[in-house]
K.L.:
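Could you have a look at this structure, given as structure tokens, before my questions?
Along the sequence shown, residues are numbered consecutively beginning with 1.
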Amino acid sequence: MKTWHKIIIGDSRDMKEVEDSSIHLVVTSPPYVTSEFRRGQCFDIDEYLELIRDVFKEVRRVLIPDGRMCLNMADVHTKYYYKDYDRFYRIPLAHMVLDVCLKIGFRLLDTIIWNKGFNRRKGGYPGPLFGSYPYPPTIYSNVYWEYIFVLVKPGPRRRVSREIKEKSKLSYEEWKEYTRGFWNIPSESWKIKEHPSVFPLELAKRCIKMYSFVGDTVLDPFLGSGTTTLAAKLTGRNSIGYEINPKYLDLIKYRIGYEESSSRDNIKIIIK
């Protein structure tokens with residue numbers, strides 16, 4: 001199926017290129033606040049949440065009523081969030097972002113747990129050891145999982161034709177696997193050295209097949225390495241992706257097969 005895709009190198013806090021209520025599904029994984037654990041460094045979550053609020057207000061504008069957003073987030077460990085203690089704490093960043101979305105007007109439809117490291121224990125290797133190991137009382141768990149929050153923009157229930165429904169139908173095996181609510185999908189970050197955080201193609205494909213129809217338009221306001229665009233292409237959906245950092249454009253073009261497929265699929269690159 002021929003599809004169209006727009007790659008926009010620019011800031012998704014202003015998505016003037018996208019009309020109101022024109023997007024059917026959003027699949028995204030925002031860049032996380034990270035800490036390299038240097039004493040005295042700034043850990044400004046408030047500034048981060050302000051960015052998230054500005055972007056997702058635009059997302060809500062362009063999403064159709066009853067449209068979905070699949071939001072991949074994780075919590076973080078840091079010793080620089082609280083000023084009164086030199087100890088690592090788990091900061092519930094994922095739920096802070098979820099709270100921003102709910103206050104904007106989204107509603108939580110479902111939560112999926114992505115188990116991204118279920119195969120890391122092969123050979124008995126347990127992962128990094130933090131805290132007071134091997135002694136109590138401060139032994140940190142190895143967090144090899146993340147959230148996928150499925151949100152919806154309130155509005156009248158969407159109606160599509162029987163023909164489109166049949167084209168978008170999941171197989172029985174897909175339905176069984178996708179609805180477990182606990183997805184064992186290996187991380188792919190190690191495969192792509194040009195980007196520090198890449199969510200798997202399989203994860204994006206599942207979200208697209210579960211929450212959109214063939215021919216729909218999918219948006220990723222934090223496109224990164226281009227995974228959402230590639231997944232949309234492979235599942236018969238159109239897409240729009242925003243990426244603020246132009247250094248990732250070559251990687252995006254490579255991953256989506258821009259040179260080979262631009263004649264078959266309508267792929268447009270816009271640099272703001």
Side-chain angles (χ1 to χ4, degrees), residues 3-34 42 44-73 93-94 96-107 149-155 195-199 204 207-208 211-212 216-233 237-253 255-256 258 262 266-272:
T3 56
W4 60 263
H5 308 274
K6 290 182 182 178
I7 311 297
I8 302 172
I9 303 300
D11 193 330
S12 55
R13 286 175 288 190
D14 177 13
M15 293 192 284
K16 61 185 178 184
E17 297 82 5
V18 186
E19 296 180 1
D20 294 359
S21 301
S22 61
I23 299 296
H24 302 93
L25 172 68
V26 176
V27 177
T28 194
S29 181
Y32 299 163
V33 176
T34 59
C42 177
D44 196 341
I45 287 183
D46 291 338
E47 184 178 310
Y48 176 77
L49 294 177
E50 184 178 347
L51 165 69
I52 292 295
R53 187 178 299 107
D54 290 344
V55 171
F56 287 170
K57 279 183 178 178
E58 274 288 85
V59 165
R60 192 179 188 282
R61 174 185 67 81
V62 302
L63 197 61
I64 64 167
D66 199 36
R68 273 59 167 162
M69 175 166 69
C70 295
L71 172 61
N72 169 222
M73 286 292 304
L93 184 66
M96 291 177 174
V97 171
L98 174 61
D99 185 59
V100 169
C101 293
L102 297 177
K103 287 177 178 175
I104 288 171
F106 288 98
R107 294 177 186 171
F149 297 123
V150 184
L151 298 129
V152 61
K153 176 180 173 179
H195 195 281
S197 181
V198 178
F199 63 82
C207 290
I208 289 172
Y211 298 110
S212 71
D216 279 356
T217 301
V218 181
L219 169 71
D220 189 343
F222 299 104
L223 186 58
S225 63
T227 301
T228 300
T229 299
L230 177 57
K233 245 182 81 173
R237 276 71 165 175
N238 308 304
S239 75
I240 300 174
Y242 280 80
E243 173 51 51
I244 198 169
N245 195 334
K247 78 175 186 179
Y248 295 129
L249 179 57
D250 287 343
L251 174 61
I252 293 168
K253 289 168 70 174
R255 292 198 73 210
I256 67 174
Y258 176 74
S262 57
N266 185 1
I267 303 176
K268 186 176 183 180
I269 295 174
I270 301 169
I271 301 178
K272 295 173 69 173

K.L.:
Return yes when atom NZ of Lys272 has more than 12 non-hydrogen atoms of other residues, nucleotides or ligands closer than 6.0 Å, and no otherwise.
P.N.:
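More than 12 heavy atoms, drawn from other residues, nucleotides or ligands, come within 6.0 Å of this atom.
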K.L.:
What closest approach, in Å, do His5 and Lys233 show between heavy atoms, and which atom pair accounts for it?
P.N.:
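Heavy-atom minimum between the residues: NE2-CG, 3.0 Å.
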K.L.:
Going by heavy atoms in the side chains, are Val26 and Thr228 under 4.5 Å from each other?
P.N.:
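Answer no - side chains too far apart.
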K.L.:
Looking only at atom types and distance, does a side-chain atom of Arg255 sit under 3.5 Å from a main-chain N or O of Thr229, one as donor and one as acceptor?
P.N.:
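Flag not set: sc Arg255 to bb Thr229 has no pair under 3.5 Å.
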K.L.:
Assess the side chains of Thr3 and Asn238: does a donor N or O sit below 3.5 Å from an acceptor N or O?
P.N.:
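No pair is found: no donor N or O on one side chain lies under 3.5 Å from an acceptor on the other.
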K.L.:
Evaluate whether atom CD of Glu17 has more than 12 neighbouring non-hydrogen atoms of other residues, nucleotides or ligands under 6.0 angstrom away.
P.N.:
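Count over threshold, so yes.
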K.L.:
I need the minimum non-hydrogen distance between Met15 and Arg61, along with the two atoms involved.
P.N.:
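Scanning both residues completely, I find the closest heavy atoms to be O-NH2, 2.9 Å.
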K.L.:
May I have the step-by-step check of side chain to side chain contact (heavy atoms under 4.5 Å, CB included) for Tyr211 and Cys70, ending in yes or no?
P.N.:
CA-CA 9 Å; Tyr211 298 110; Cys70 295; 3.5 Å; yes
K.L.:
Just verifying a value: how many Å separate Ile267 CD1 and Ile252 CD1, rounded to the nearest 0.5 Å?
P.N.:
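Answer rounded to 0.5 Å: 11.5 Å.
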K.L.:
Judged by atom type as modelled, is there a donor-acceptor pair below 3.5 Å linking the side chain of Tyr48 to the main-chain atoms of Pro31?
P.N.:
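Side chain of Tyr48 to backbone of Pro31, a donor-acceptor pair under 3.5 Å: yes, one is there.
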K.L.:
A side-chain contact here means heavy atoms from C-beta on lying under 4.5 Å apart; do Ile7 and Glu243 qualify?
P.N.:
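Side-chain contact under 4.5 Å: no.
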K.L.:
Let's go through Asp220 and Phe222 carefully: what are the C-alpha distance in whole Å and the side-chain angles of both, what is the deciding distance for side chain to side chain contact (heavy atoms under 4.5 Å, CB included) to 0.1 Å, and is it a yes or a no?
P.N.:
CA-CA 5 Å; Asp220 189 343; Phe222 299 104; 4.0 Å; yes
K.L.:
In Å and rounded to the nearest 0.5 Å, what is the OG to CG distance from Ser239 to Leu25?
P.N.:
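Between atom OG of Ser239 and atom CG of Leu25 there are 11.0 Å.
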K.L.:
Let me see the working for Met96 and Met73 under side chain to side chain contact (heavy atoms under 4.5 Å, CB included), right down to the final yes or no.
P.N.:
CA-CA 10 Å; Met96 291 177 174; Met73 286 292 304; over 6 Å; no
K.L.:
How close do Asp11 and Arg13 get, heavy atom to heavy atom, and via which atoms?
P.N.:
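The answer is OD2-NH2, 2.7 Å.
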K.L.:
Could you state the interatomic distance from OG1 (Thr217) to CG (Leu63), rounded to the nearest 0.5 Å?
P.N.:
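So the gap between those two atoms works out to 11.0 Å.
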K.L.:
Could you report the tightest heavy-atom contact between Thr28 and Phe199, atom names first, then the distance?
P.N.:
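Result for this residue pair: C-CE2, 4.4 Å.
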K.L.:
Nearest heavy-atom pair of Pro65 and Ser21: which atoms, and what distance?
P.N.:
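Closest approach of Pro65 to Ser21, heavy atoms only: CD-OG, 4.0 Å.
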K.L.:
Indicate yes or no: at least one non-hydrogen side-chain atom of Leu49 is less than 4.5 angstrom from one of Val97.
P.N.:
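Side-chain contact under 4.5 Å: yes.
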K.L.:
Just wondering, do Leu223 and Tyr248 contact through their side chains at under 4.5 Å, heavy atoms?
P.N.:
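The answer is no; the side chains never approach within 4.5 Å.
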K.L.:
Considering all heavy atoms of both residues, which atom of Gly10 and which atom of Tyr242 are nearest to each other, and what is their separation?
P.N.:
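What the structure gives for the nearest pair is O-CD2, 4.0 Å.
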K.L.:
For Cys207, is there any backbone N or O sitting under 3.5 Å from a side-chain donor or acceptor partner on Arg68?
P.N.:
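Not at all, since once roles are kept as given, no pair shorter than 3.5 Å links the two residues.
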K.L.:
Test your reading of the model: is there a side-chain donor-acceptor pair from Arg107 to the backbone of Gly105, 3.5 Å cut-off?
P.N.:
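No, Arg107 side chain to Gly105 backbone: no donor-acceptor pair under 3.5 Å.
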K.L.:
May I have the step-by-step check of side chain to side chain contact (heavy atoms under 4.5 Å, CB included) for Asn72 and Val27, ending in yes or no?
P.N.:
CA-CA 8 Å; Asn72 169 222; Val27 177; over 6 Å; no
K.L.:
Out of curiosity, Ile8 CD1 to Lys16 NZ, how far, rounded to the nearest 0.5 Å?
P.N.:
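Output value for this atom pair is 10.5 Å.
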K.L.:
Who pairs with Asp216 by side chain to side chain contact (heavy atoms under 4.5 Å, CB included), at least two apart in sequence or on another chain?
P.N.:
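Partners of Asp216 under the side chain to side chain contact (heavy atoms under 4.5 Å, CB included) test: His24, Arg158, Ser212, Phe213, Arg237.
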K.L.:
Got Leu71 and Phe106 here, is their nearest side-chain heavy-atom distance under 4.5 Å?
P.N.:
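They are not in contact (no side-chain heavy atoms under 4.5 Å apart), so the answer is no.
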K.L.:
Taking Lys153 for its side chain and Arg60 for its backbone only, find out whether a donor-acceptor pair lies under 3.5 Å.
P.N.:
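Present.
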K.L.:
Quick one: OG on Ser22 to CG on Leu219, what's the gap to the nearest 0.5 Å?
P.N.:
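Result: 8.5 Å between the selected atoms.
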K.L.:
Does the distance from a Lys or Arg side-chain N to an Asp or Glu carboxylate O, for Arg53 and Glu50, drop under 4.0 Å?
P.N.:
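Salt bridge: no.
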K.L.:
In Å, rounded to the nearest 0.5 Å, how long is the span from CD1 of Ile52 to SG of Cys101?
P.N.:
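Result: 7.5 Å between the selected atoms.
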